[in-house]
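Each remark here refers to the structure printed beneath this line.
To find a chain, count down the sequence lines: A is the first, B the second, and so on, and within it residues start at 1.
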2 protein chains.
Amino acid sequence: MAVRPARGDETAMRVLDVAERLVQVRGFNGFSYADVAAELRITKAALHYHFASKGELGAALIERYCDRMAASLAALAATDRSAAARLRGYAALYRNTLREERLCLCGMLAAEYQTLPQAVQSGVIRFFTLNEAWLAEVLTDGAAAGEIQLAGSAQDAAVALVAGLEGAMLVTRPFNDMARFEAAAGPLLAGLTGTLVSAGD
Amino acid sequence: MAVRPARGDETAMRVLDVAERLVQVRGFNGFSYADVAAELRITKAALHYHFASKGELGAALIERYCDRMAASLAALAATDRSAAARLRGYAALYRNTLREERLCLCGMLAAEYQTLPQAVQSGVIRFFTLNEAWLAEVLTDGAAAGEIQLAGSAQDAAVALVAGLEGAMLVTRPFNDMARFEAAAGPLLAGLTGTLVSAGD
DNA sequence: GTCTATACAGCGATAGAC
DNA sequence: GTCTATCGCTGTATAGAC
């Protein structure tokens, strides 16, 4: 089974759905094939048919996650005209994930990074690089249009944004209180756009 | 064995040293009694004498970590006169941890939160609360002295600071490049103090 | 593509000797 | 306080029937 299962492979997709949620909630070292199999009412052996090893499953998870994120970013760029609106839309992706009591898949995997199979590690790197590249472009455009005030490079600001949002999810979930996320995420955008952004924007 | 071992219990302290590093590097679900025992050249059974269960070990880890953090914060408050200097000192605590390729103990545990024994979960909450209370006081004092510009409440700014620093560690370690940490952490302080803070300050 | 059955290592934890 | 020995369970992974 390839890292990227065929789009029509319904069982493989269901496996990815369940495993993705389990990683986002419990971590890569906090779930097992047995957990996925039980939820789908199939056997562990059937799982291994679709994803021979846990590392392969992890790599496929990131692959799909990156694809979907790239699609979300493309949609954001197509919808929102202003850089500030694109950034608010970007933050909303994190907010919506946290609302389901999940962390970002790759934020979770970043914590467990030192224990991950090599293919999963490089996927994590790819995800962050992808995000920062998109953000840096939005920030560069916004700065050129006078919408965004950059203190340093656009790339550095992109890194700071991703770090801030990942951190906001991380320290919010134990308290189960979205107000903490807003307190942590708000200043990230406010500092760039020079505006106060209220919760839910 | 109590959650807080006697200060003179040398073996227990060595166990905590090793376990702490293992959790910070690999996570609570990424290390085992066997790992600790092998490193200390004792048996798993001896470990269980000092910490009957893994949950008890985890609780003791946080207990000591909170004590040490409280001591560091008290030392910072005693040394640095300005609020900005205290905040820089606070950020340096995170930087120094990351330099050893470790995450914050409780940042790591926050990622794994949903899988942790209850006693460990409440310890994580306690750690963040402790940090935010200290930061909120520094920020309040700094605002009163005109050193700090707060857009919202001091408590919200404290939450944002902790989130930003935890996130900076999280997204830096996979890249093994401290420049990423500086890019992510710099704006956190700059936004409060109105100054650009260069790496290493 | 899914099953039963199983291999084999590792896990947290305990009993009891010293 | 540390040991040997072991328990019961779960982990990932595989073989081979259907």
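One can place NZ of B:K54 at 9 Å from P of C:dC11, the figure rounded to the nearest angstrom. As rounded to whole Å, 15 Å separates atom P of C:dA15 from atom NZ of B:K44. Atom-to-atom, CD of B:E56 to C1' of C:dG12 comes out at 13 Å; the value is rounded to the nearest Å.
Atom-to-atom distance recorded for B:I62:CD1 and B:L16:CG is 12.0 Å, nearest 0.5 angstrom.
Contacts of residues 22-36 of chain A with DNA chain D (heavy atom under 4.0 Å): A:F31, A:S32, A:Y33, A:A34.
With B:F127 as reference, B:Y65 is the one residue of B:Y113, B:Y65, B:W134 to meet the ring pair (Phe, Tyr, Trp, His ring centres under 6.0 Å) rule.
Inter-residue side-chain proximity for B:E147 and B:V138 is flagged as unmet; no heavy-atom pair is nearer than 4.5 Å.
Side chain to side chain, A:D177 and A:T172 fail the donor-acceptor criterion of an N or O pair below 3.5 Å.
Of the residues near DNA chain D, A:H48 and B:R14, the one whose nearest nucleotide (by heavy atom distance) lies more toward the 5' end is B:R14.
Cation-pi check for A:K54 over A:F28 is met; the charged atom lies under 6.0 angstrom from the ring centroid and within 45 degrees of its normal.
Between the B:R86 side chain and the B:D80 main chain, a donor and an acceptor come within less than 3.5 Å of each other.
Sequence neighbours left out, not one pair with a member in residues 154-177 of chain A passes ring pair (Phe, Tyr, Trp, His ring centres under 6.0 Å).
When all heavy atoms are compared, the tightest approach of B:P5 to B:A60 is CD-CB, 4.5 Å.
With a cutoff of under 4.0 Å to any heavy atom of chain A, the contacted region of DNA chain D is bounded 5' to 3' by D:dG11 to D:dA15.
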